[in-house]
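Within every chain, numbering begins at 1; the chains are lettered A, B, ... in the order of the sequence lines, protein sequences first and strands thereafter.
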Amino acid sequence: MRESKDFLRTIVEEDLKSGKYREVITRFPPEPNGFPHIGHAKSICINFGIASDYHGHCNLRMDDTNPTKEDTQYVEALKDAVEWLGFDWGNNVFFTSDYFPKLYDYATQLIKMGKAYVDSLTEEEIRQYRGTVTQAGKRSKYGDRSIEENLDLFERMKKGEFKDGEHVLRARIDMSAANMKMRDPLLYRIRHAHHFRAGDEWSIYPMYDFAHCLADYIEGISHSICTLEFENNRDIYDWVLDTLGLTMSRPYQYEFARLGINYTVMSKRKLLELVKGGQVSGWDDPRMPTIAGYRRRGYTAESILNFCDQIGIAKANSMVDVAQLEFCIRDDLNTKVPRVMCVLDPLKVTIENYNGSEEIDASYYPHDVPKEGSRKLPFSREIYIERDDFIENPPKGYFRLTPKQPVRLRHAYIISCKEIIKDANGNVTEIKAEYYPESKSGSDTSSIKIKSAIQWVSAKEAKAVEVRLYDRLFANEAPEGVEDINPDSLKVIKNALIEPAVITDRLDERFQFERQGYFYADPTLYTDENPVFNKIVSLKDSWSKKRKVIPEVLISKIPKVQIDGEVVPMSEAEQALFDKYTGELKLNSEIANTLARDKNLSSFYEEALKQLDSPVGLANIVSNEVARELKVREVSQLKFNAKQISELVKMVDDETISSKIAKQVFEQMAKSGENPIQIVETKGLIQINDPSKILPIIDEVIAKNPDNVAKFKAGNGKLLGFFVGQVLKTTGGKANPKIVNELVVEKLKS
RNA sequence: UGGGGCGUGGCCAAGCGGUAAGGCACCAGUUUUUGGUACUGGUAUUCGGGGGUUCGAAUCCCUCCGCCCCAUCCA
C-alpha cells in the first residue's frame, strides 16, 4: 500500500473501524458489451486492490441487463483480463441475469407498496413529460393506476403479452425533482430479445438503476465503487434500497474519476468503431488501449498494475500523460529482459583487414542488471549496422560512426570508416572499414577514444525477422475519432536482421533490442520460419529529443484571463441591513455583505446582538463559523443558539480564551450543544497570557529544532509559523498566540 | 439555465489551520562499451481569481471564474 491513502481507502478504513461492516466486499461490475480497456484496469485495481488490502473479497459480476448489446465473447475477454492482471474472483463469476427472478419479486413488492407503476406512454411522450433541467416534469396519466392493475399489467409484461415499448415499469418518486434521474426512473422495459445467458425466458429486462443496487445488496457488497458519471444515480441507488427496507448492512455507492490518457480514446463505443471500421486488426491490436491490446503488444501485467498505482484515485477529471504508462513498462522490463542486437535498417560494412571468423561471448545483461546469462555472437568480415549510425557529414554532438570518428561495435571491436560506397543516386550503399585487433571488448589495449557503441549483426549468420513498429494510434492529444488517427501508427519491417541466438536460444519472449527499445515475440504471428516481433516501447532517447526544436508557442505561457462576473444586486431590505451594519455597527463591508444577504445569518446575528454589545466580534463568528453550520443544516437543527454564541464571543472579548480556542469550543457546541462557558471550564481552556509561563516552552522548542532555527536566521521567514505552532501545540492551544508570536520573534532575533 | 461534482507546477497527486509530500515529464551533473539504466542536484515565494476571518489560510467564510456530469425504454 502506498504511504498516502486515497479517499476510498479512507472511507473503507473508517467503516471497518466503526463496525459498519465486518468485512469489505467490493465488486467489479462490467457490462459484457466490449473488451475491457485500461480504464477498466484502473477499476479492477481499485476494487480488487481494496478488497485484498483489507482482507475482504471482490466479486466479478457481469452486468448483463441489456440483451441487445451483450455477448458471451466479452465475458470471456473480461475474465481473461482480470485473471491476467493477477486477480482472483474465487472461480465464481456472478451475473446480474442470475438475479432476474429476485429482481422481479422486488419490483412487484414496490408495486404493492404503491412505489412503482406501469406506464404506457410512448417513448417520445416519456421524454417530453420528463421536463428539462430547468423545468419540472409532470407525471403520466397512467401514474395513478391501481395496485391491482399495475400488478396485472406487470405480470403480463413478463409473460410477453405486449410488444416492445408498449409499457414500462417506473418508480413513483418525484417528477419535479431537481435531479433529473429521480423523475420517476424506468425500472423495467419490454424486450423480446434473446439473452445470451437467460435465453428466451424473459421478455422484460431490468434497467441499470434498479438492478445494480439490488445486485450489490444480494451479494452483500459493502462498498459499491463506480465512476463519476453515476453520481446522479446515487439517489436512485439509495431510494431503491431504502424504499424496499433493505437497510441492514446495505451497500453504499462511491464515485471516482475515470481514467483518461492523452493520445488515446477510452470509450467502448469508439473502440468498437475502430474494430468494426478496420482501422485496427481487432480488439487485441497492439495499438488498442484494451487490456488484450497491451498484452499483445508486450506490456506486462506488473507494469499496468504499477501504472494504476501511480496515477492515484481522486475525483478530479484528469488526463494522464501516456508517458507515465510508457515509463512503467520500461521500468519493469529494464531489470527483467535480455539485451540483444537487431538491425532494422541495415547498412553493409566490410571490415577489410579482418579475415576469418570468431564467436564472441556476450552477456545478455548489462552490468547494472543482476542477472546471469550470455550468448555467442558470430563476428566476421561482413556485418550490418544501422543506417543512421553512420553519417558522412554529421551534426554537432553526433557520437556514432563518421569518416573521422571511430565507433565501437558493441561487445566487439572498434572500427573506423575508410571508404564510402554510393550508388548512382548518391545513397550510401556500403562502408569499407578497418578494425583494431587490440580493441576487442573486455581486453581493449588500443586506447582509442570512442564516443559510443552501436549494434551490429554478422551478415552471414544474421536471421531475417519481421519487426512491427507501433506508435501511438492517434496523432491528436485529445482524439475525437478516426479523423485523428496517426497514419504512421504501424510500420512493418519485413527484413530486419537479428543475431541468431535470439531465434535459436529463445531465451525469453521479450527482449531489449539494444539502443532501440523493448520488443515482444508476437504470441500469435511468431513462427520459427517467420519470427515476428512487436515493439512494446522505445528506449528513452535524449539524443533525438535534443535535436527536436520545441515551438515557441508551447514555451511561452499564455496568462489566463479572469473575468469577473456580475454580482447579483441586493434587495432593498438587504441593502438597508448592509448600510446599518457598515454604518452604525462599523462592520467591514465583506462581513456586512455576507450577513445582509443571508436571512438566516442576519436574524441570528441580530438575536445575538441583543445579548451582547459586541457587533464586530459577533459578526465575525456568525459570518464564518455559524455560516458553515448553516450550510449543512437548517436553523432549527442547530444545536446551539444565539445566546451561547454571545457567551462565546464575550469570553474572546475579555481575553478569557483566544480566538483559536473559540473555534475549538464552537465546534464542540455545534456537535453537542453544550454551553461554551462549561466547555471552557471542564476542559480548562483558559488562555495563558503570562510570558513567564510561555518563555520556557519557547526555549524548549528552540533547543529541539536547531536546524530550523538556523534556517529561520538565514532568512526563511515561513518558519515562524512552525515555531508558533509547536509552542501552541505543547500548550494545547491555550497560549495566547499573539504573545507567543511576539516572544518567538524576539527570541529568534536575539 | 435547475441539480450534482471538480479546480494544488507541463501531466497525475498528497496535504484539510502551523516549513507546499511523492511519481511522470523537463533541465544540469556523475557513473556507463546501450545517447539506456542508476545516482546527485535543480525546477510552485504559492494552491482558479478577488475579498474576509486569524498571530498564522491551499486548508475556514463570502463572492466571482472555469471545466465535467444529468433531460437513452444504455450502463
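Base orientation of B/U72: syn (glycosidic angle within 90° of 0).
Computed from coordinates, the A/K315 NZ to B/A13 P distance equals 13 Å when rounded to whole Å.
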Distance-only donor-acceptor hits, side chain of residues 176-183 of chain A, under 3.5 Å, sequence neighbours excluded:
unit_1 : atom_1 : unit_2 : atom_2 : d
A/S176 : OG     : A/D174 : OD1    : 2.9
A/N179 : OD1    : A/K181 : N      : 3.0
A/N179 : ND2    : A/N232 : O      : 3.0
A/N179 : ND2    : A/D235 : OD2    : 3.0
A/R183 : NE     : A/R130 : O      : 3.0
A/R183 : NE     : A/M175 : O      : 3.4
A/R183 : NH1    : A/A177 : O      : 2.5
A/R183 : NH2    : A/R130 : O      : 3.2
A/R183 : NH2    : A/T132 : O      : 2.6
A/R183 : NH2    : A/Q135 : O      : 2.6

With a cut-off of 3.5 Å and sequence neighbours excluded, list every side-chain donor-acceptor pair involving residues 717-741 of chain A.
unit_1 : atom_1 : unit_2 : atom_2 : d
A/T730 : OG1    : A/Q726 : O      : 3.4
A/T730 : OG1    : A/V727 : O      : 2.8
A/T731 : OG1    : A/V727 : O      : 3.4
A/T731 : OG1    : A/L728 : O      : 2.9
A/T731 : OG1    : A/K734 : N      : 3.4
A/T731 : OG1    : A/A735 : N      : 3.2
A/K734 : NZ     : A/G684 : O      : 3.3
A/N736 : OD1    : A/K738 : N      : 2.9
A/N736 : OD1    : A/I739 : N      : 3.4
A/N736 : ND2    : A/N689 : OD1    : 2.7

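Between A/K540 and A/E326 there is no salt bridge, since no side-chain N of the basic residue sits under 4.0 Å from a carboxylate O of the acidic one.
Comparing the same atom, C1', in B/A25 and in B/G9 gives a spacing of 11 Å after rounding to whole Å.
Partners of A/R234 by side chain to side chain donor-acceptor pair (under 3.5 Å), not counting sequence neighbours, listed by chain and number: A/E255. Contacts of A/D707 classified as salt bridge (charged side-chain N to carboxylate O under 4.0 Å, His left out), with partners at least two apart in sequence or in another chain: none.
The nearest heavy atom of RNA chain B to A/D164 and to A/N624 marks one nucleotide each, and the one closer to the 5' end goes with A/N624.
Taking the side chain as every heavy atom from C-beta outward, A/I329 and A/Y518 never approach each other to under 4.5 Å.
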Output a table of nitrogen or oxygen pairs between the protein and nucleotides 38-46 of chain B separated by less than 3.5 Å.
unit_1 : atom_1 : unit_2 : atom_2 : d
B/U46  : O4     : A/K718 : NZ     : 2.9

Mind listing the N/O atom pairs, protein and nucleotides 62-67 of chain B, below 3.5 Å?
unit_1 : atom_1 : unit_2 : atom_2 : d
B/C62  : OP2    : A/K631 : NZ     : 2.9
B/C62  : O2     : A/E590 : OE2    : 3.0
B/C64  : O3'    : A/G565 : N      : 3.2
B/C64  : O2'    : A/G565 : N      : 2.6
B/C65  : O4'    : A/I563 : O      : 3.2

